[in-house]
Structures are given as C-alpha cells and as structure tokens.
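Just below is one structure, and these are the notes that go with it.
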Protein chains: 2
Amino acid sequence: MTWEQGLGEADRMWRTYIEMSKHLGSHLQQHLQREHALSAADFEVLVRLAESADRRMPIADVAAATQWEKSRLSHQLTRMAQRGLVERVDSDDRRYPDVQLTDKGHEAIDKAVPEHTEMVHALVIDVLGPERLARFAEACADVLRALDAHRERDCSL
Amino acid sequence: MTWEQGLGEADRMWRTYIEMSKHLGSHLQQHLQREHALSAADFEVLVRLAESADRRMPIADVAAATQWEKSRLSHQLTRMAQRGLVERVDSDDRRYPDVQLTDKGHEAIDKAVPEHTEMVHALVIDVLGPERLARFAEACADVLRALDAHRERDCSL
DNA sequence: GTGGCGTGGTTGATACATCAACCTGAATGG
DNA sequence: CCATTCAGGTTGATGTATCAACCACGCCAC
C-alpha cells in the first residue's frame, strides 16, 4: 500500500477539481429538479429541441447534439413522452421518427433556462471574472484535446 | 425564445467546461469498468476502505468520507457484498455494523489505483503543468466556496 | 418484384441514484 | 426496570445509464 502515501500537491489539486465538479453538478441538478421538475437529462434534450427550427428534429440529430447512445436517448424520450414533454412523430422516412417538443415541454424549458443560466453566472462566471474564466476554459480545452488524442490512440490499436 | 441568441464568450467557455467534465469523467469510468470491472461507485468505496487502518470502518465513516446518503451507500454495499468485494461485520454496537474489505476487494483496488492515477496524470496534471494546474485548482476552490455560500443562504431561509 | 443488407430505433436486463418509509437497538428519564 | 426517543441502517419504488439483443424499414442486387 504505497500509492496513497504519495498524495502530493498535484493530487490534492485533482481532488479539488473532483469535489467542485461533483458539487456543482449536483447543485445545478437539484435546482432543476426542485424548481422545475426536470432532470439534467430532460434539460439537455429540451434545450436541443427548443434551439431547433420548429421545435422538432430527427432523433439522430438529438443523439448527435447530446452525444448520447441511441438506446439511452430512446429510453429518455419514452419517459419524457409519458410526461407529455415531447412526442414522437412520423417523418417521411418511417424508420426514423422525429421528436416534437410539446407546448408543455416548451413552457417548461422556457422557464428553466433563464434561472439555470443565472445560476451558472452566479456560481462560476461571475466568481472567476473574465480573465480567470478564459484561462480556466483554456485549460479545459487542453484537457479535452488530450482526451481526444488518447481516445484516438486507443481506437487505432 | 431570446436566451439562446445571447450565447456569449462566457457561455461558450462554460460549455467547454461541461464538455470536458463529462468526457473526462466517462473516460476514467470506462477505463475502470473495462480494465478492472469496477464502477466509479465501487472505486470510491474501495479507496476509502483501503486507506483505513485495518481495511474496516463504520459505515457512517464511509458515508462521511464519500459524502453519500446512507441509503445510497447501503444499496451499494449490498451489491459490492454480493460480488465479494466487501462484507458487513458486526461491531460492538449492534445497530451500526462495520464494513470490511475482503481480500478480493483489496486486490482489485490495489490493481486499479495505480492505473487510475497514471491516467489522471497523463490527461490532466501533465497536460497543464504545475503553474496552470495550480491556477486551475484555485479556480475550482473559488467555485466551491461560492457554492458553499450559496448553499448556506438557501438553508438559512 | 423479391430477398438479403445495413442503419437507426426499440426493448430488456442489470447497475446505479434518490426519495420516502420503515426498522433496530442503545441511551435516557421516569 | 420499562417506555420513549432517535440516530444510523435497511428496504422499496421510481428514475436514470449502459450493454446486448432484437426489430423494421428503405436500399440495392439480381
């Protein structure tokens, strides 16, 4: 058992990130759930649909936008349809139905987004200020690139 | 529908963070699952137990260390016990059993931790370098403080 | 046309997260 | 002593995530 003795500066900083990430995520999630009865998953789907032209898009497009597996999205849409937030509608190609945002869904997301945005500003953007936020985002982007490179290596094996 | 038109610099940076956070998390998680057949939840519990004196601690201590709800931990321990990673053992107070790391559990975490640590270094710590990592962690700490302040306000209402 | 493809979608099974309801047994006070 | 209390644990129900297996329809070859 040697690994946990060597918890250096860097590892403590890593743990700080993990803590922040978990707490921030669950805080935002709980707010959505309590105030708007929306899960994070609901929110993601609704945002994409609300951003689309006529509040309707092919399921595959939602999958691409959210980067979710088709199965996950299908289950999620089923639950959201049960609650009347969206509905599946046929498109010209019968294999690939579209998802349509219902009025109820539109109302929900229209109420939730401003508060969510406000909270993100209060908790992160305003806290860091423009300079530090920019450096923070750069760091995130670099990590993302490292991840992609890593993923590429794994796939090409 | 006005909110999504105002996606400024700051909001794009926020989305960068969200992306990074999601991808990094799922990458680490998938590695644990594929290579070591451990979920992130398993990993967290096992790490705490392995760090403890005789690989055994009161359930409440695990709950405190992980900051999980008692119910979540109880379910998790049940599943881990079924797989032989841990076992519940009676303590002097019959109300509050301890959790004991099994040999199998110890072996699993001892194999998983080094690789996990290595990956964190490769993907984050080495990518940013000491300077940027320090500033990154400071930013995380500041957000954490803002979160705590926010939480306090909410509770004291 | 008719019979394989292949892609995108659905379904089922299992693991995980969260909430509420409940149980248990030590401690306390009468 | 016995009854009450109550913190810590368990259980059940529901929602969510992931994997594997399956289905369905348009496409293409023949």
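Throughout, protein chains are lettered first and strands after them, A, B, ... in sequence-line order, and every chain is numbered starting at 1.
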message: Once salt bridge (charged side-chain N to carboxylate O under 4.0 Å, His left out) is applied, do any residues pair with A:R72, and if so which ones, sequence neighbours excluded?
response: none
field: Contact list for residues 127-144 of chain A, test salt bridge (Lys or Arg N to Asp or Glu O under 4.0 Å), sequence neighbours left out
entry: A:R132-B:D142, A:D142-A:R145, A:D142-B:R132
Interatomic distance where CG belongs to A:D92 and C1' belongs to D:dG26 [whole Å]: 11 Å
task: Any chance you could list the contact pattern along nucleotides 1-6 of chain C? Use B for base contacts, S for sugar-phosphate-only contacts and - for none, protein heavy atoms under 4.0 Å, 5' to 3'.
output: -----B
query: Among all residues two or more places apart in sequence or in another chain, which pass the ring-ring contact (aromatic ring centres under 6.0 Å, His included) test with A:W14?
result: A:Y17
- prompt: What integer distance in Å separates B:R94:CZ from C:dA27:P?
  reply: 13 Å
field: Spacing of A:L38 atom CG relative to C:dT18 atom P, expressed in whole Å
entry: 17 Å
- prompt: Which of the following nucleotides, D:dG26, D:dT10, C:dG9, is nearest to the side chain of A:I59?
  reply: C:dG9
field: Residue pairs fulfilling ring-ring contact (aromatic ring centres under 6.0 Å, His included) with at least one residue in residues 39-74 of chain B, sequence neighbours excluded
entry: B:F43-B:H116
task: Please identify each residue that fulfils ring-ring contact (aromatic ring centres under 6.0 Å, His included) with A:H75, with sequence neighbours left out.
output: none
task: Using whole Å, report how far CG of B:D61 lies from P of D:dG8.
output: 11 Å
query: Any salt bridge (Lys or Arg N to Asp or Glu O under 4.0 Å) pairs touching residues 23-41 of chain A, not counting sequence neighbours?
result: none
query: Who are the side-chain contact (heavy atoms from CB on, under 4.5 Å) partners of A:S74, not counting sequence neighbours?
result: A:R88
query: If the sugar-phosphate is the primed atoms plus P, OP1 and OP2 and the base is the rest, what is the B/S/- string for nucleotides 11-18 of chain D, using protein heavy atoms under 4.0 Å?
result: BBB-SBSB
message: Walk me through whether A:D61 and A:V99 qualify under side chain to side chain contact (heavy atoms under 4.5 Å, CB included).
response: CA-CA 10 Å; A:D61 290 8; A:V99 214; over 6 Å; no
- prompt: ring-ring contact (aromatic ring centres under 6.0 Å, His included) with B:H23: which residues, sequence neighbours excluded?
  reply: none
task: Please name all residues satisfying salt bridge (charged side-chain N to carboxylate O under 4.0 Å, His left out) with A:E69, sequence neighbours left out, ordered by chain then number.
output: none
query: In degrees rounded to 10°, what angle is found between the helical axes fit to the five outermost pairs at each end of the helix from C:dG1-D:dC30 to C:dG30-D:dC1?
result: 10°
- line: B:R34 CZ to D:dC19 P, in whole Å, measures 6 Å
message: Could you report the tightest heavy-atom contact between B:A112 and B:L32, atom names first, then the distance?
response: CB-CD2, 4.1 Å
